Amino acid sequence: MKERCVTYDTASDQETIRLGQELGKALTEGDVIALVGELGSGKTCFTKGLALGLGVSPDTIITSPSFSLINEYEGRHTLFHLDVYRLESLSDFLSAGLEEYFYQDGVVVMEWADRWPEILPEWKLEVGFVIIDHSLRKITLSGNHYRAVEILKDLEVKLWR
Amino acid sequence: MAPKTHPPLKQMNILGIDTSCDDTSAAVVADGELVLSSIVHSQIKHHHPYGGVVPELASREHIRNIVPVVDRALSKANVKIKDLDGIAVTVGPGLVGALLVGLSYAKSLAYVHQVPMIGVNHLEGHILSIFLEDNPPDFPFVALTVSGGHTSVYHVKGYGDYVQLGQTLDDAAGEAFDKVAKILGLGYPGGVPIENLARSGEKDKISFPRAYMSRDSLDFSFSGLKTAVSLYVKKWRQEENVDVEVADIAASFQEAVIEVLTNKLMTAGEKMGIHSIVIAGGVACNQALRDKVRACALEKKMGFHYPRPAYCTDNGAMIAVAGYHRLRMGERAGLSIDVRSKFPIQDLASMTPREQ
């Protein structure tokens, strides 16, 4: 399928969270969100929004999984928050058993997803983050699998309203 | 030496096992305070003392190490498995695959040798690690556990009686050290290289943001600081002839972390009206943090306690301490006990007050 791509500018953490929240509302079990962007570009912040959109309690604190590698949250669907930041090799990823999360009942959001793009399932939706200045971020959502395109269309309609 | 006034009780030897993250560790601790042996197998320390990201997180690494590490802990302590009074093992929080290795081995030892077993919360281990040192504080006290994965402040009222007063809302303090070390091109883990570099830098050179949240909040946030350092370094690298050394950046960053940690810890201490402050976890090895907390505690006439570095980082001894107190209170884990990737401290069953 032809790639679909849509870009949003956010001017604060709150706006990044809100965009994540809208995306979260459109997600269902099996969806995989691949986050790509440098340190401090808003990946964990965006995930806080995703969690809200997935119905995770607002009282739940979404913390960085850089050290723990995987954090799990219960919502409308289970959210698996993966982070491969401190992994050295693909074999580390596989031996830590992280691949299994793509096939569990839940939504996966993975930080530093460009490390080993080949491990990601083809139905992934990629979210790229670019730092424009201290608070401004350019966030690009893209995908070419029909499921990813479906999510993006859904999101565009909602954000247009 | 003066004879002890109370009749000698039988020494209780507990084997503590921790495989919650990168390290495979085991220790034998007597009576919840005397370390007979403590063995930590860490690939980072063995092969990459100055850098290189090779975290030993693979379950298969734990599988390879668990038997020799436990054997060494027992032989060094000169204790046989059948003579143990209990086996304490971390059941969470942590990586499921990693935790399972320690728990499964503990279960098999407990079953085969008919030794009581107890599952321990890793965070409780860190809080109680101070009891591995001489002259531990009296209850109640306020404890900061700060590492690569955690940054939390607790009101510690007794064994098993903890109230979390605050925690990080995004990155852990140790994670900020690791990430800034990477930005500055230093090794992993980042704590030690930043601390060393910071010694020759000016801590007031750059004013990095301190996140205090609301006035009364005891929560932390280090994500914004990490981003600020990242943006600063990018600009700094483009500019030439800037009167700022990389050591100044390390020192200014470290100061920003330490200032927030110390201020919140002191606020927590005053709020709870306690007389002792404890810091534990990997970041508690940081000398500048210790110096600052010590100075502030002295000013407020509070006692200040911290475990030696070997008991700050992940270790089996602290798990044995927590297990000792739970076993003493009659708690036992059955063979059906499972690991818990998430295990907030408020989910811990409280222990009945310690008999004196």
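Here is the naming used below: chain letters follow the sequence lines, and residue numbers restart at 1 for every chain. Only a predicted model underlies this, so the values are computations on that prediction, with no experimental measurement involved.
Heavy atoms closer than 4.5 Å to chain A are found in the side chain of Ser230(B), but not in its backbone. Proximity to chain A involves both the backbone and the side chain of Lys179(B), based on heavy atoms less than 4.5 angstrom apart. At a 4.5 Å heavy-atom cutoff, the contact between Leu169(B) and chain A is made by backbone and side-chain atoms alike. Contact annotation for Lys235(B): neither backbone nor side-chain heavy atoms come within less than 4.5 Å of a heavy atom of chain A. Using a 4.5 Å cut-off between heavy atoms, Leu94(A) does not touch chain B at all.
Contact annotation: the side chain of Ile61(A) approaches that of Gln167(B) to within less than 4.5 Å [non-hydrogen atoms, C-beta and beyond]. Contact annotation: the side chain of Lys182(B) approaches that of Tyr85(A) to within less than 4.5 Å [non-hydrogen atoms, C-beta and beyond]. You'll find the side chain of Thr63(A) stays beyond 4.5 Å of the side chain of Asp171(B), heavy atoms only. Two residues are said to be in side-chain contact when any heavy atoms from C-beta on lie closer than 4.5 Å; Asp22(B) and Arg86(A) meet this criterion. For the pair Phe67(A) and Cys21(B), the minimum side-chain heavy-atom distance is below 4.5 Å.
Contact record, Lys342(B) with Glu74(A): NZ-N, 4.4 Å, taken as the closest heavy-atom pair.
In this structure, OG on Ser223(B) lies 8.0 Å from NZ on Lys48(A), to the nearest 0.5 angstrom.
Between chain A and the options Lys226(B), Glu175(B), His150(B), the largest number of non-hydrogen pairs under 4.5 Å is found for Glu175(B). Taking Val96(B), Asp219(B), Thr227(B) one by one and counting their heavy-atom pairs under 4.5 Å with chain A, the maximum is reached by Thr227(B). Counting heavy-atom pairs closer than 4.5 Å to chain B, the top-ranked of the candidates Thr44(A), Leu39(A), Asn71(A), Asp133(A) is Leu39(A).
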